[in-house]
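Remember, it's 1-based here, ligands and their atoms both numbered in the order they're listed.
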Amino acid sequence: MIAGVPELPRNDLLAEQFDLLADLMELEGGDGFRISAYRKAAARIRETPSSVAQLALDGKAKQLQGIGKTIEAKIVEVVDEGEIRALTKRKAEVPAEVATFMRLPGLGPKTARRIWQELGITTAADLKAAAEAQGLRGHAGIGAGTEEKIAAALARPKATEGPRRALLGTTLPKLRAVVEVLREHPASVEVSLAGSARRMRETVRDLDIIATATDAEALVDYFCSLRWVVDVAARGSTKATVVSHDGSRFDLRVVPPESYGNLLQHFTGSKHHNVALREDAVRRGFSVSEYSVTEVESGEEHSFAREEDVYRFLGYDWIPPELRENGGELAAARKGALPALVELGDLRGDLHTHTTWSDGKDPLEEMVASAQARGYAYYAICDHAQRLRGDLLGQQSEQIDALNELITSDKNSAPFRILKGIEVNIRPDGTLDVSEEDLATRDWVVASVHSRFDHNPTERVLGAMESPYVDCIGHVTNRKIGKRTPSPVDVERVIEKALETGTFLEINSQPDRLDLTDLHARAAREAGLKLVIDSDGHEVGALDFVELGVGQARRAWLTKDDVLNTRTWKQIEKLRKKRA
Ligand code: DGT
Ligand code: CA
Ligand code: CA
Ligand code: ZN
C-alpha cells in the first residue's frame, strides 16, 4: 500500500458485493428492478478506472451511469463497515453458496431455493454428492435429466473456480494504456506486452510487460507510482508486480537490450510451447534459457535483441504469439508451413450487429456511421426478431433503404451497403420465431438459441440450418465465460451439417462469448468450413470487439480465406446457400 493513501475497498471487491447481493435477492424472489440495478452497478464499478470507493466518499460516485444516491450510500457502507448492510443481513438468511446453485444447468433461483429449503443442501460439495448419489431426483421439482446435468457440471473444473481470470476484452485496453505510458517515459526503450494477453487468450490471470530501458530502476519506480496502482505486491530493481483498483495484477520486467528477444520469447509463453521448444532444441544440441541459447558442444552462447532471431537461430520461422500453445506450430514453423493468419484489416464488413430497434444502446445511423468510419463496405443490422413484430420490421427496412440511398448519393462516401439482417430465435421446439415470408425480405439471417440452452441444443441448431433462409448460426454453444457453461452441443455434427446445408457459423467477438472457441473454430477450418467473424455489437464502441474475434480466429489457425467476411458482399452472395 502506498504511504498516505487510506486503504479503500478495491473496485472488484465492491462489485462482487453488489453481484452477490443481487444473487441473494433473486433467490429470495426479490424485486427484479432492484436486482438488475445492483448488477448494472457492479458492472459499472468494475469498468471504472479510478477508485469508486473514493468517488463515493467525495459524493461523486452518483455521476457514474447506473449509480444513484442509494447505491452510493451502500458503497460508503462498505468503506465504513466492510460490507453492504443489506448484504450482511441477507447472508444471515441465505447461505451464500446457495447463490451459485442457480447458475447450474437447468436450475434457476426458484429451484436453487427449494434445494436449500427442502433438502437442506447449502454447499456445492453437498449438492455434488447428492446429485451423484441420485438423491435429488424426485425432490424440489428436479428430474433425473437435470440431476445428471448438475452432477456433470459440478464434476467439471469450473471457469469460475481457482484464481480469478479476467476477460481479455476488458483487460487488453488497460494493458495497452500501461504499455503506452511506459513507452512515453524517457528511460524506456522498448516496451511490449507478453504472456497470455500477447497470445490473445480469451482470459488472463495476470498481465505481463517486458521492457528495455536506459535506467531500469527509474522505469520500475515510475511503474510503481502510476496513479491507478493501489498495491505494490513485489518490487526489485528490474521488476515489479502491482495491483490496480479493479484487482488486475501487472508484472513488469526490465531486461537487458541484448537479450530482449530471448526474454520476450520466454515471457510470451505459453509454458507448453516453451517446454516443447526447449526439448526440440536439446535434441539438436542447443540449450535454451530465458536469456540465451547455448550451443552445448562448444559452450558458445547467443543472445538476441529480436525475437525473430531466436526462432530463426533455432531453425524456425517466427511464430505468431496466438499459435504458441504447442498445437503443432513448432513442426509447421520448421517446415515453413505456418498459415498466413487472418488479420483485423482483412475484414470487409460486420454481419451481426444490433441497434436501438432491439436491445442495442446506439441508434442505427450512429452504428452505421461508425461502421463506415472503420472502412467497412457492408454492415448487417441484425436486431432481435422478437422486438420487430407487427409493422416494425417494415419500418426498419424503410429506414435502411433511405439511409442506403443517402449514402449512395453522397459522392464523398466510399461504396457501402447496409444489409437488412435479423437475428431470429431458435425456439425450444427447433422452429424459428419468424415466418419464411418475413425472412425472405432480409439480406442476412442469423439464427441463435436464446432460451432453454440445455434443451436439445444440437437438434435445434441442426434443424435451423435446414431453413433455406438461415445464413449463419449465432454463438453456437451459448457459453458466457465465467458465468454460463457451454451447452452440450455436438459441434462436430453442427460443422458437418453446416457444410452440407451451406450455413455458416460465427466467431462471436463479445468478450465473454468468443463462441466458437479456438478449438471448435480450428475443427471447422480443418473440415473446410468458412466462418464469420462478427461483433454482435450492441453499441458503437463494441464494434471494436472484432479484434478479439480475430485473435480467436488466429488461435484457431484461420487464414483470410477461411473467414467469410474478408470477401466482398457480392462474393458472399455467390457462396451462400440458395434460397428456395
Ligand atoms: P496467465 O497469466 O495464466 O494468463 O498465463 P501466462 O502464459 O501469461 O503465464 P504467466 O504470467 O505465469 O507467465 C508468462 C510466461 O512466462 C509464460 O507463458 C511462460 C513463462 N513462464 C513463466 N513461468 C514459467 C515457468 O515456471 N516455467 C516456464 N517454462 N515458463 C514460465
Ligand atoms: Ca500472465
Ligand atoms: Ca506473470
Ligand atoms: Zn446478437
Side-chain angles (χ1 to χ4, degrees), residues 162-168 171-172 174-175 178-179 192-211 223 233-234 236 239-244 247-253 255 263-264 266-274 290 321 324-325 350-362 367 379-388 421-426 433-434 442 444-451 470-476 478 480 505-515 532-539 542-543 545-546 549:
R164 274 185 52 145
R165 299 184 65 86
L167 294 175
L168 180 66
T171 317
L172 204 53
K174 298 175 205 166
L175 181 58
V178 177
V179 167
S192 170
L193 19 160
S196 50
R198 185 168 179 233
R199 304 197 312 279
M200 297 293 280
R201 286 296 301 241
E202 55 201 27
T203 62
V204 295
R205 183 181 51 89
D206 69 356
L207 299 154
D208 304 282
I209 303 171
I210 298 287
F223 177 64
K239 61 181 182 182
T241 300
V242 304
V243 182
S244 66
S248 311
R249 297 172 72 85
F250 294 78
D251 261 355
L252 169 68
R253 278 166 205 262
V255 304
L263 283 146
L264 182 58
H266 175 78
F267 285 108
T268 296
S270 69
K271 204 168 153 179
H272 296 297
H273 171 85
N274 287 353
E290 287 170 52
R324 300 185 197 172
E325 300 293 344
D350 198 330
L351 290 173
H352 181 170
T353 70
H354 296 267
T355 73
T356 45
W357 280 94
S358 66
D359 57 349
K361 290 195 187 134
D362 288 320
M367 296 300 280
Y379 182 79
I381 307 282
C382 299
D383 279 308
H384 296 284
Q386 76 268 22
R387 301 283 292 267
L388 295 166
I422 192 164
E423 182 170 15
V424 303
N425 291 310
I426 305 173
D433 71 340
V434 176
R442 309 310 285 179
W444 184 255
V445 176
V446 179
S448 325
V449 170
H450 286 111
S451 62
V470 170
D471 296 299
C472 187
I473 301 295
H475 37 76
V476 170
N478 278 302
K480 286 272 181 91
L505 303 179
E506 72 172 2
I507 293 180
N508 184 300
S509 303
Q510 292 286 309
D512 60 348
R513 285 199 188 266
L514 291 171
D515 185 4
V532 175
I533 300 175
D534 55 47
S535 69
D536 196 2
H538 285 67
E539 57 194 311
L543 298 188
F545 288 146
V546 287

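Note that the CG atom of L168 and the CZ atom of F545 stand 10.5 Å from one another [nearest 0.5 Å]. Here OG1 of T356 is found 12.5 Å from NZ of K361. Values are rounded to the nearest 0.5 Å. Residue S448 holds its OG atom at 5.5 Å from NE2 of H352, rounded to the nearest 0.5 Å. Rounding to the nearest 0.5 Å gives a distance of 6.5 Å between NE2 of H538 and CD of Q510.
Ordered by chain and number, D206 O, D206 OD1, D208 OD2 make up the set of protein N, O or S atoms under 3.0 Å of the Ca ion (ligand 2).
The nearest N/O/S atom of E423 to the Zn ion (ligand 4) is OE1. Within D536, the N/O/S atom positioned nearest the Zn ion (ligand 4) carries the name OD1.
Side chain of N508 to main chain of D515: no donor-acceptor pair is present (N/O by atom type, distance under 3.5 Å, no hydrogens or angles).
In summary, no N, O or S atom of H384 is located under 2.8 Å from the Zn ion (ligand 4). Taking backbone and side chain together, C382 holds no N, O or S atom under 2.8 Å from the Zn ion (ligand 4).
The two residues L351 and C382 come nearest to each other via the heavy atoms O-SG, 3.5 Å. The minimum heavy-atom distance between F267 and A194, with the atom names listed, is O-CB, 3.4 Å.
Other residues, nucleotides and ligands contribute more than 12 heavy atoms inside 6.0 Å of the NZ atom of K174.
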